[in-house]
Student: 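Dropping the structure in here first, questions after.
Indexing begins at 1, ligand by ligand and atom by atom, following the structure's order.
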Amino acid sequence: MAKNTSRNPRYAALNAGGNENTRRLIDASTRLAEEMGRIFPADPDIADRHYWLETIINHVPDYIYAKDTDGRFLIANQVTVADNGLESLRDIIGKTDFDLHPQHLAMAIAEVERRVIETGEPIFGIEERAMVTKGRDRWLMTSKVPLRNKSGKIVGIVGVSRDISDRKAAERLLEGQAHLLEMIANGRPLDEFFRELILLIEALIPRIRGSILMLSPDGHRLLHGAAPNLDETYCGMIHGVEIGPKAGSCGTAAWRGEQVIVADIFEDPLWEDYREIVRPYEFRACWSTPIHSRERKVLGTFALYSEAVCVPDEQQKELIAMAAHLAGIAIERKQAEDRISFMAHHDALTGLPNRALFEEQVAEALEALRGTGQWAVLAFLDLDNFKLVNDTLGHAAGDELLKVTATRMRASVRKSDMVVRVGGDEFILLLNGLPCERDVVLARLEDIRAAIAAPMQINGRGLQVSCSMGVACFPNQGKTVGELLANADMAMYRAKELGRNNLQVFTEEMADKAHEKLLKQAELRQAIARDEFLLHFQPQVNLETGRVFAAEALLRWRHPERGMISPGDFIPLAEETGLIVPIGDWVLRAACRQCKAWHDDGLPLLIVSVNVSARQFRERNWAAHVAAVLAEIGLDPRFLELELTESLIMQDVPGALATMHELEAIGVHLAIDDFGTGYSSLSALKRFPVRRLKIDRSFVEDIPADVDDKAITAAIISLAQNLGLRVIAEGVETQAQVDFLRHSGCDEIQGYFFSRPLASADFEALLRQPAMTADAP
Ligand SMILES: Nc1nc2c(ncn2[C@@H]2O[C@@H]3COP(=O)(O)O[C@H]4[C@@H](O)[C@H](n5cnc6c(=O)[nH]c(N)nc65)O[C@@H]4COP(=O)(O)O[C@H]3[C@H]2O)c(=O)[nH]1
């Protein structure tokens with residue numbers, strides 16, 4: 001036999017690099033043959049030989065058998081007989097694989113044997129599935145050679161099979177693990193993953209059924225995860241079971257955070273309260289293992305049920321531990337994904353949905369309402385003076401205010417409504433399914449506004465914040481999300497125009513206004529190119545000398561159709577759209593150029609004062625830009641005064657101070673316009689490098705009738721004097737106002753009393769009058 005195998009090229013090929021198991025089988029057979037030759041005499045009695053041979057094959061753990069050409073067993077060793085569930089050799093002789101295995105497996109075996117018989121070629125090391133040992137599914141590695149009679153005719157096959165079920169199980173486990181890890185990596189749904197995991201373990205541990213339960217978010221109950229082969233009614237009964245020190249296998253395992261092996265449910269006290277639930281299903285053993293997170297937090301349980309009273313062996317325990325570990329990874333991964341998705345769809349500060357989630361859900365919500373005859377209300381909501389809270393009380397207080405507001409809004413709406421933070425202090429409300437009654441809708445919204453405006457405590461300080469709302473109703477004021485948002489936005493704009501702390505519902509008139517605004521914006525854009533801007537100049541007069549010392553440049557727009565337009569009608573729009581930057585730049589150049597021209601013409605050396613908008617002032621390197629303009633025009637910087645409003649400075653005091661110092665350094669003078677209307681504190685004012693304060697017209701207007709205005713004006717004048725600043729009152733129209741201002745110590749005045757703003761030629765004429773000469777600044 002040894003000689004045969006070494007000469008046969010097929011054996012040689014297999015020995016060279018073939019299947020490891022086959023090689024071991026062949027080696028074992030070779031050694032067996034050699035051993036037989038050594039032990040037994042060279043020429044024994046034929047009966048002895050037969051007996052010896054039988055003894056040998058019966059002691060080999062592999063399956064050895066011979067079959068005739070019809071697949072009927074001629075002979076088989078003991079282990080083949082026993083593992084097929086038979087008692088003696090006689091029981092198997094004459095049977096075929098169709099008598100022993102399921103039809104599909106028997107057919108596969110018969111097909112291989114047919115090939116061996118037909119070709120006369122042996123087959124080595126093929127893998128076969130067979131049901132042996134009381135129906136248990138086994139894998140065999142088989143070699144089959146043709147069986148010949150003395151004359152060389154093939155009369156059947158001889159087969160040798162080795163049980164490789166353990167190796168196959170290990171392979172299956174590896175494949176299964178790889179598949180499961182891939183599922184985790186691909187973010188497959190958790191229930192699908194659980195199902196596959198349980199099916200893998202069920203395939204590897206015979207006669208068990210698996211279940212995965214998840215710990216509820218409050219940590220008190222176990223919820224159904226997956227149990228592909230457990231009865232649905234049973235799963236339903238287990239769903240929601242409370243964990244505790246005596247709550248069956250799973251409830252107790254989750255409670256203790258450690259494995260609970262119950263060998264006999266009917267005997268174990270842990271099952272006392274649950275025995276009747278499980279009795280109809282005839283489970284006897286239940287082994288439950290907690291599923292842990294990396295931080296050893298219990299996430300759920302992995303349990304195996306058996307109908308037999310039993311405990312897991314070491315190998316099974318390892319499998320269970322692996323399964324619980326994989327389940328933990330999958331759950332944690334899912335939780336991380338959920339967290340990321342939550343963060344992507346919610347505002348981190350308030351926990352409210354964000355705009356992305358709103359846009360995903362709102363269309364659906366509207367679709368559901370379509371045709372029901374009910375309304376949905378979309379409202380933009382903006383906190384009034386939020387910026388002031390932020391600036392004066394700090395960002396932490398601002399954040400707290402937003403959180404409180406969000407909580408109040410959530411509490412004021414129904415679960416089916418949406419409250420969304422869209423950034424800063426802006427929110428969107430979507431109220432669903434309201435009756436088509438304007439009063440009802442308005443009452444609901446006013447309730448929400450009232451809830452927001454209720455007093456609150458922030459960092460130990462009492463605070464009360466009102467809000468503005470712009471509202472559009474579905475379907476009348478917008479059929480799509482886009483329309484509703486745009487219309488609510490228009491209504492909000494109107495609410496702000498009306499001085500905030502109010503609610504505006506969208507009207508067609510608002511749409512017309514918005515349309516007009518768009519047109520105006522387009523015209524404004526073209527105005528510079530079409531040379532439609534011009535400057536008027538209003539004299540500023542020294543009260544003591546009565547001389548004009550400066551001219552304030554005031555912008556005018558000569559519209560081709562609408563005539564002269566004053567800045568109040570277009571500056572706000574220019575500021576809103578950012579067009580104020582190029583427009584302001586035009587003003588600066590034109591004013592400086594005019595001033596220089598007057599100087600060059602030998603007119604009194606006046607100062608020109610120019611209004612600066614916040615957008616312009618915040619431009620990067622703005623001071624350097626001003627210096628460049630002055631240099632280009634050739635005007636000495638001391639003849640330029642820039643008027644900054646108080647609110648402009650207060651928007652960002654450190655930033656404004658830095659730019660003010662840069663401007664001061666290039667020699668330009670600064671004045672604070674509209675003084676008294678902003679919030680500048682006296683301490684802040686002291687730090688501003690300004691030369692002049694302009695008392696706002698609103699204080700001057702009612703002098704001398706209004707005692708308060710008189711008091712404020714006098715206070716501003718005295719404050720300016722104390723700080724060493726000059727002070728000018730604007731909007732001075734009457735002799736009485738002049739008298740009061742002079743009496744209070746005011747240095748300068750500007751207003752209709754002396755002159756209205758004038759076109760440059762008229763202003764020039766004024767300057768040419770005697771006694772108008774100004775001293776150099
Ligand atoms: N009732 C009354 N009004 C008087 C009297 N004396 C002057 N006024 C008006 O008061 C405004 C003074 O300018 P402002 O407070 O800087 O207020 C200015 C300023 O804030 C802004 N503005 C004007 N030109 C420019 C500019 O070039 N750039 C920027 N950013 N804003 C400008 O537009 C505002 C309005 O300008 P105007 O319509 O020219 O209005 C001018 C002027 O005509 C008076 O005795 N009685």
Student: Should the pair Glu764-Arg768 be classified as a salt bridge under the 4.0 Å nitrogen-to-oxygen rule?
Tutor: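 Salt bridge flag = yes for Arg768 with Glu764.
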Student: Tell me whether Glu576 is salt-bridged to Lys517, with the criterion being a basic N under 4.0 Å from an acidic carboxylate O.
Tutor: yes
Student: Salt-bridged, Lys496 to Asp382, with N to O below 4.0 Å?
Tutor: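 Result for this pair is yes, salt bridge flagged.
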Student: Determine, using ring centers only, whether Phe639 and Trp598 are less than 6.0 Å apart.
Tutor: no
Student: Charged N to carboxylate O below 4.0 Å: is that the case for Asp585 and Arg589?
Tutor: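 Salt bridge between Asp585 and Arg589, a charged N being under 4.0 Å from a carboxylate O: yes.
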Student: Is the distance from the ring center of Phe533 to that of Phe570 below 6.0 Å?
Tutor: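 Yes; Phe570 has its ring centre under 6.0 Å from that of Phe533.
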Student: Give the protein residues with at least one non-hydrogen atom closer than 4.0 Å to an atom of ligand 1, ordered by chain and number.
Tutor: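 Those residues closer than 4.0 Å to ligand 1 by some heavy atom are Gln538, Glu552, Leu554, Leu555, Arg556, Pro567, Ile571, Val587, Asn611, Ser613, Asp673, Asp674, Arg697, Glu730, Gly731, Val732, Glu733, Gly751, Tyr752, Pro757.
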